[in-house]
Structures are given as structure tokens and as C-alpha cells.
Amino acid sequence: MLDLKTIRQNFDTVQATLNRRGGNYDLPTVIDLDQQQREIEGTRSQLQARSNEIGKSVGQKIREGADPKGPEVAALREEGNQVKAQLGELEPQERELKAQIEAILLGIPNLPSETTPDGKDESENVEVRRWGDEHLPKDSAALKPHWEVGEGMGILNFERSAKIAQSRFVALMGVGAALERALITYMLDRHTRHGYTEVIPPYLVNTASLTASGQLPKFAEESFQCKNDDLWLSPTAEVPVTNLHRDEILTAAELPFHYCSFTPCFRREAGSYGRDTRGLIRLHQFNKVEMYKFVRPETSEDEHQALVKDAEAILQGLKLPYRVIELCTGDLGFSANKTYDLEVWMPSSGTYREISSCSNCGDYQARRANIRFKETGKKGTQFVHTLNGSGLAIGRTMAAILENYQQPDGSVQVPEVLQPYLNREWL
RNA sequence: GGAGAGGUGGCAGAGUGGUCGAAUGCGUCCGACUUGAAAUCGGAUGUCCCAAAAGGACCGUGGGUUCGAAUCCCACCCUCUCCGCCA
């Protein structure tokens with residue numbers, strides 16, 4: 001959520017920065033409503049002050065021995081009732097205005113960072129670097145797509161999953177399930193060794209949590225909802241982990257918090273009918289290891305770079321070729337001010353596919369979630385900065401392994417770093 | 001699912017109609033004592049709105065009673081304990 005005070009004081013700058021994303025955001029209305037609200041608040045708080053005064057003096061008079069039913073007290077009561085009647089009109093107006101402002105603000109995305117490149121859509125994203133050209137498979141043309149490999153080996157089963165649930169689900173069988181588990185463990189082991197605290201959060205989250213991290217109210221159709229309860233299936237560990245510290249005041253000394261969290265993720269993928277219909281790329285349920293940081297504002301840019309490196313380390317460990325893309329303003333996610341995507345090489349299609357997205361959300365989520373920190377000895381509080389990044393999406397990692405480690409004879413080699421976890425060299 | 005208890009400041013915990021934004025303890029900060037530290041003593045210390053003063057809001061949430069509500073009434077949410085069931 002953007003800071004109302006900032007919008008008020010730097011209207012033109014905020015509007016211009018927001019425009020870099022494209023799209024239309026109704027800031028003038030916010031300002032207008034805010035002005036109305038503040039006017040009413042001024043009047044209301046004066047009336048409130050008078051009402052408080054009356055209340056106090058009634059009490060005092062009675063204590064001093066005035067007749068509670070006498071004319072002196074009755075006059076005050078009468079005035080009190082009048083003030084109250086006026087308040088009764090103003091209060092609902094003010095509440096309504098505040099609600100309208102809040103509703104609009106919750107629908108406005110984060111401001112892009114100054115360093116985020118301008119662009120209208122993903123075609124204008126900027127490649128930052130590539131890694132692992134020496135690991136590119138030799139004869140890509142002969143390689144099969146990962147679903148054919150997996151189904152051929154009997155480790156991926158899409159048909160039966162459609163029977164159990166729907167399309168866009170998969171069952172992992174035998175060594176496929178073991179590979180999934182090995183990847184999860186490998187990633188968590190690596191991140192915890194580098195100072196991330198492992199978290200297994202609830203996979204069902206309430207409306208307040210989804211609002212805090214930015215999925216609601218705008219993207220309700222993207223999440224699965226439990227009809228009988230105020231609960232949704234979490235679309236990413238980012239949601240529960242953000243809310244670990246919702247409505248908390250942390251102390252400066254305990255920051256930063258670095259978390260890593262393995263969770264299943266559930267997404268309706270509404271509006272992506274027909275895209276990536278085969279394979280592991282776009283499923284309603286997938287596993288992911290997420291990294292998440294709560295940091296002091298002045299460190300967030302460095303923490304962001306480090307986060308990307310931590311995600312890259314997984315791909316490098318697996319020797320999977322990838323490139324790093326910086327998203328342009330038009331492709332930036334709702335809560336992010338700056339995002340790097342990691343895209344892994346998929347030989348069967350000859351393309352790089354997103355396997356990790358590492359975002360700096362600045363204080364945007366922290367405002368929505370009301371997560372602040374306090375400097376000991378200093379007055380007041382500040383919002384923390386939050387960052388999140390996949391480290392990595394497990395299903396897509398498996399897809400990349402099945403394709404990149406595929407041999408001409410159809411067998412698949414196990415990446416070296418996973419061999420200890422799987423106790424085998426070949427799938 | 002049945003019965004009961006409870007939600008108060010960073011934490012613990014008092015407060016059952018006005019003098020309560022809220023005792024006390026812990027924690028934190030400043031100072032004294034000390035070579036230094038601990039202990040001890042003195043003082044300070046909630047958050048939010050408003051540019052700020054003044055003022056206002058906030059004792060789970062939302063309503064109600066009252067001149068006046070942390071305190072009384074209603075509804076809802078959540079937590080805990082016991083019983084039952086159960087991974």
C-alpha cells in the first residue's frame with residue numbers, strides 16, 4: 001500500500017512514477033476523498049473534544065455535590081445530546097470516506113524503483129547476465145520434452161491426476177517422487193547453511209493475510225477459496241511468511257530475518273487456458289522453496305542482490321544453464337518495486353523459462369501488513385522492507401533436469417549434487 | 001462435537017461506570033554509585049491521525065445503553081482448559 005501522506009505531498013511524482021507501469025490508477029480521486037475526509041475529521045474532533053469536556057464537567061459537578069437531576073446538570077446533558085447528534089451524522093460519513101480511500105489504495109500497485117527499466121510488457125525486459133553455456137546439451141534437436149521423458153519412464157502421471165483432481169495436476173511416481181523430495185531437501189539444506197531459517201507455515205491462509213501480501217482484493221480469481229471458511233489455499237509461501245510478522249513491532253537489533261520455506265502452492269491459473277497445457281510448467285498445485293527477508297530499509301537493495309545470488313546458487317549447483325532478466329515496469333508484479341527473474345534453459349523448446357522470481361517490495365507489503373521496527377532509544381517506528389524470491393520452483397526444476405540431463409538413449413542422469421540424496425547416478 | 005475460562009501497552013498482569021491511555025512487575029533508555037561491570041538507587045519509556053501546538057482515536061471486532069464505557073448489554077471472531085473423537 002502506498003503512503004497516503006506521500007501521495008498528498010508529492011502527488012505529481014507519485015502519479016508519474018505509477019504511470020511508468022502503464023495502466024490507470026485513480027490518484028486524483030484519492031486526493032479528493034482524502035481532503036473531504038480530513039475536513040470532516042477536523043470538525044468531528046472538535047465536537048468530540050466538546051463532548052469529552054461536557055462528560056467530564058458533569059462528573060465533576062456531581063462529585064462537588066450538584067443535584068444530578070438539577071437544572072445545571074440537565075443543561076449540560078442537553079448540550080451533550082446535541083453534540084452527540086451532530087457526531088452521529090459526521091462519523092458515518094468519515095468512516096465511509098476512509099473505507100473508500102482504503103479500497104482504492106489497496107488496488108494501487110507498488111511504485112517501481114528508479115532503477116527499474118521502463119517498458120510496456122515482457123518483451124522489454126532486460127537481460128542482465130547468462131550462466132552455464134558450457135553446460136548446454138550438445139544435440140538439443142534430439143531431446144524430448146520433459147513430459148514425454150517423464151511419462152515414458154513412468155515417473156510423471158498426468159492422466160491419472162486428471163481423474164483424481166483435474167487437468168493441470170500431476171502425480172509423481174517412484175523415483176520421480178524421490179527426485180522431487182531430493183530437490184526440496186537440497187535447496188533447503190543450501191539455504192539454511194547460508195543463514196535462512198526454515199519455516200513450514202500453514203498452507204491455508206485467511207483473507208487478511210492475502211490482503212497484506214497483495215494478492216487480495218485484486219487477484220481473488222487467482223486463488224482457490226474454501227467456501228465454508230475464511231480460508232484460501234496459499235498461492236505461494238510468500239503469503240504465510242509475510243504474515244508471520246503481521247501487526248508486529250520488531251526491534252532494529254533483531255533484523256534482518258531471513259526465512260526459507262518449502263510449501264505446496266495452489267493457483268487457479270485463470271485466464272491461462274491453452275498455455276503450457278502439457279508438462280510441469282503450469283500446474284494448479286506445485287511445490288516451491290521460497291526465500292523471504294524482512295530487512296532494514298537502507299539494506300534492502302544489497303539484500304535483494306544477495307537474494308538473487310542465493311537463487312542462482314541452486315541452479316549453478318545443479319549445473320542448469322540460465323539467464324537473469326530484470327523485469328521492466330510493464331511486467332513488474334503488483335507488490336514489487338524491482339524484480340529479477342531467473343530463467344532456466346529448456347532444450348526441447350529452445351527457450352528460457354522462468355524458474356525463480358526475486359522481488360524487492362520495499363515498504364509496500366510492510367504497510368499493508370503493518371510490520372514495523374523500532375530503533376532502541378529512538379522515538380517512533382519505521383516500516384521494514386520485505387523481499388521474496390523462489391529458490392526455486394521445484395516442478396520447473398525437475399522439468400529442466402529431465403530435459404537438460406537427458407541422454408541420447410533416453411536415460412536421465414542425476415545431477416551430481418543430488419546423487420547423495422537419491423543414492424543413484426541415473427533415474 | 002459437549003462444558004467452561006479468557007482476549008488490556010514490547011512482554012507479564014491489575015483494573016467492573018467519571019479523577020483510566022490505563023496500577024505494578026519485567027524489559028528498554030538516561031543518570032548516580034563503581035577502576036569497569038553486576039547489584040542498588042533516581043528519572044524516563046505505548047501506537048496511530050494531523051505540518052505541528054492544541055486536539056482526536058485506540059483496552060479482540062462491530063453494534064447498543066449513558067452526559068460519560070477497558071468496565072454494563074448484544075452479536076461476531078479468536079485463544080486457552082477439560083471431556084469425546086482422531087493423524
Side-chain angles (χ1 to χ4, degrees), chain A residues 1-11 30-102 105 200 202-212 226 228-232 240 243-255 257 264 294 363 366-384:
Chain A
M1 182 147 65
L2 299 184
D3 180 23
L4 189 53
K5 201 190 290 182
T6 308
I7 298 176
R8 192 186 297 142
Q9 289 169 351
N10 306 295
F11 179 82
V30 172
I31 291 293
D32 182 45
L33 293 172
D34 176 52
Q35 206 157 6
Q36 292 181 43
Q37 189 273 120
R38 290 170 63 198
E39 259 170 48
I40 291 179
E41 180 173 331
T43 315
R44 197 220 71 220
S45 80
Q46 278 177 0
L47 286 171
Q48 197 71 256
R50 179 58 192 151
S51 171
N52 291 344
E53 239 175 83
I54 293 169
K56 273 189 187 134
S57 53
V58 168
Q60 197 172 357
K61 293 231 185 305
I62 293 174
R63 243 172 295 124
E64 283 168 356
D67 177 5
K69 300 244 161 77
E72 203 182 7
V73 172
L76 282 169
R77 281 195 178 148
E78 177 50 30
E79 191 191 347
N81 281 328
Q82 281 172 16
V83 171
K84 210 177 128 188
Q86 288 176 277
L87 282 171
E89 284 182 29
L90 290 181
E91 277 169 353
Q93 290 176 31
E94 193 187 350
R95 213 175 312 133
E96 173 59 23
L97 285 166
K98 279 189 164 167
Q100 284 180 28
I101 293 166
E102 168 102 348
L105 283 181
I200 298 182
Y203 302 152
L204 298 189
V205 296
N206 57 35
T207 300
S209 292
L210 278 164
T211 305
C226 304
N228 295 329
D229 302 277
D230 177 29
L231 290 170
W232 309 64
N243 285 278
L244 228 37
H245 296 296
R246 170 152 52 90
D247 293 321
E248 291 187 16
I249 300 177
L250 310 166
T251 61
E254 63 189 337
L255 293 173
F257 290 144
F294 297 85
D363 65 7
R367 280 181 197 284
R368 295 174 79 108
N370 191 29
I371 305 169
R372 294 166 292 166
F373 73 97
K374 198 179 173 70
E375 203 98 50
T376 42
K378 270 196 194 169
K379 236 182 133 55
T381 59
Q382 289 183 72
F383 288 102
V384 300

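Here is the naming used below: chain letters follow the sequence lines, and residue numbers restart at 1 for every chain. All figures in this text were calculated on a predicted structure; none of them were measured in a lab.
Protein atom CG of Asp247(A) is 16 Å distant from nucleotide atom P of C78(B), rounded to whole Å. To the nearest angstrom, P of C49(B) lies 11 Å from CE of Met1(A). Between the CD1 atom of Ile7(A) and the P atom of C50(B) there is a distance of 12 Å, rounded to whole Å. For the pair Gln36(A) CD and C50(B) P, the computed distance is 17 Å after rounding to whole Å. Atoms CD (Glu78(A)) and P (U66(B)) sit 14 Å apart, rounded to a whole Å. When the P atom of C49(B) is taken as reference, atom CG of Asp34(A) falls 12 Å away, rounded to whole Å. Look at CG on Leu76(A): it is 12 Å from P on C67(B), rounded to the nearest Å. As rounded to whole Å, 10 Å separates atom C1' of C49(B) from atom CZ of Arg38(A).
Looking at Arg246(A) and Ser209(A), their side chains do bring a donor and an acceptor atom within 3.5 Å of each other. Under 3.5 Å, the side chains of Asn370(A) and Asp247(A) contain a donor-acceptor pair of N or O atoms. Side chains of Gln100(A) and Glu96(A): a donor on one and an acceptor on the other come within 3.5 Å.
Across the strands present, G84(B) finds no partner; the criterion is a Watson-Crick or G-U wobble pair with both atom distances under 3.5 angstrom. For C50(B), there is no paired nucleotide, since no Watson-Crick or G-U wobble pair has both relevant distances below 3.5 Å. Across all strands shown, G27(B) forms a Watson-Crick or G-U wobble pair with U45(B), both key distances being under 3.5 Å. The partner of G18(B) is C67(B), judged by Watson-Crick or G-U wobble contacts that both fall below 3.5 Å. Under the Watson-Crick or G-U wobble criterion, with both distances below 3.5 Å, A75(B) is paired with U61(B). Across all strands shown, G9(B) forms no Watson-Crick or G-U wobble pair with both distances under 3.5 Å. The pairing partner recorded for U34(B) is none, the criterion being a Watson-Crick or G-U wobble arrangement whose two distances lie under 3.5 angstrom.
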Between the protein and nucleotides 44-46 of chain B, which nitrogen or oxygen pairs come in under 3.5 angstrom?
none

For nucleotides 53-63 of chain B, list the nitrogen or oxygen atoms of the protein found under 3.5 Å from its nitrogen or oxygen atoms, one pair per line.
| residue | atom | partner | partner atom | Å |
| --- | --- | --- | --- | --- |
| G56(B) | OP1 | Asn52(A) | ND2 | 3.2 |
| G56(B) | O2' | Arg44(A) | NH2 | 2.5 |
| G63(B) | OP1 | Arg95(A) | NH1 | 3.1 |

Restricting both atoms to N or O, compile the protein contacts to nucleotides 15-19 of chain B shorter than 3.5 Å, with distance only.
| residue | atom | partner | partner atom | Å |
| --- | --- | --- | --- | --- |
| G18(B) | O2' | Arg63(A) | NH2 | 3.2 |
| G18(B) | N2 | Gly55(A) | O | 2.5 |

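Rounded to the nearest Å, the gap between the P atom of U34(B) and that of C29(B) is 22 Å. Nucleotides G55(B) and A22(B), compared at atom P, are 14 Å apart to the nearest Å. Nucleotides A14(B) and U24(B) have their C1' atoms positioned 7 Å apart, rounded to a whole Å. Atom name P, nucleotides G56(B) and U66(B): the rounded distance is 23 Å, in whole Å. For the C1' atom pair drawn from C85(B) and G2(B), the interatomic distance equals 12 Å after rounding to whole Å. Taking atom C1' on both nucleotides, G68(B) is separated from U16(B) by 16 Å, rounded to a whole Å. Across G13(B) and G18(B), the matching C1' atoms stand 24 Å from one another, rounded to whole Å. Rounded to a whole angstrom, the distance from the C1' atom of U61(B) to that of A44(B) is 34 Å.
Among the heavy atoms of the strands lying under 4.0 Å from Lys84(A) is at least one base atom, whether or not backbone atoms are also near.
RNA chain B is contacted by both Asp3(A) and Asn81(A); Asp3(A) maps to the nucleotide lying nearer its 5′ end (nearest heavy atom per residue). For the pair Ser51(A) and Gln37(A), nearest-nucleotide mapping onto RNA chain B gives the more 5' position to Gln37(A).
Proximity of Phe373(A) to Thr381(A): side-chain heavy atoms (C-beta onward) are nowhere separated by under 4.5 Å. Looking at heavy atoms from C-beta onward, Gln48(A) lies in side-chain contact with Glu91(A) at the 4.5 angstrom threshold. Within the 4.5 Å cutoff, the side chain of Leu250(A) has no heavy atoms near those of the Lys374(A) side chain. Put simply, the side chain of Ile40(A) reaches to within 4.5 Å of the side chain of Leu97(A), judged on heavy atoms. Between Asn243(A) and Asn206(A) there is no side-chain heavy-atom pair separated by less than 4.5 Å. Contact annotation: the side chain of Ile200(A) approaches that of Tyr203(A) to within less than 4.5 Å [non-hydrogen atoms, C-beta and beyond].
Comparing C50(B), U47(B), C67(B) against the side chain of Arg372(A) picks out U47(B) as the nearest.
Residues satisfying the salt bridge (Lys or Arg N to Asp or Glu O under 4.0 Å) criterion with Arg38(A), sequence neighbours excluded, are Asp34(A). Asp363(A) is linked by a side-chain contact (heavy atoms from CB on, under 4.5 Å) to Arg367(A), Phe383(A), His385(A), counting only residues two or more places apart in sequence or in another chain.
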I'd like to know whether Gln382(A) forms a side-chain contact (heavy atoms from CB on, under 4.5 Å) with Glu375(A), so could you lay out the CA-CA distance, the side-chain angles of the two residues, the decisive distance to 0.1 Å, and finally the verdict.
CA-CA 9 Å; Gln382(A) 289 183 72; Glu375(A) 203 98 50; 4.1 Å; yes
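Under the 30°/60° scheme for interplanar angles, the aromatic rings of His245(A) and Phe257(A) are found to lie parallel.
Legend: salt bridge (Lys or Arg N to Asp or Glu O under 4.0 Å) pairs involving residues 74-87 of chain A, not counting sequence neighbours, sorted by first then second residue: Arg50(A)-Glu79(A).
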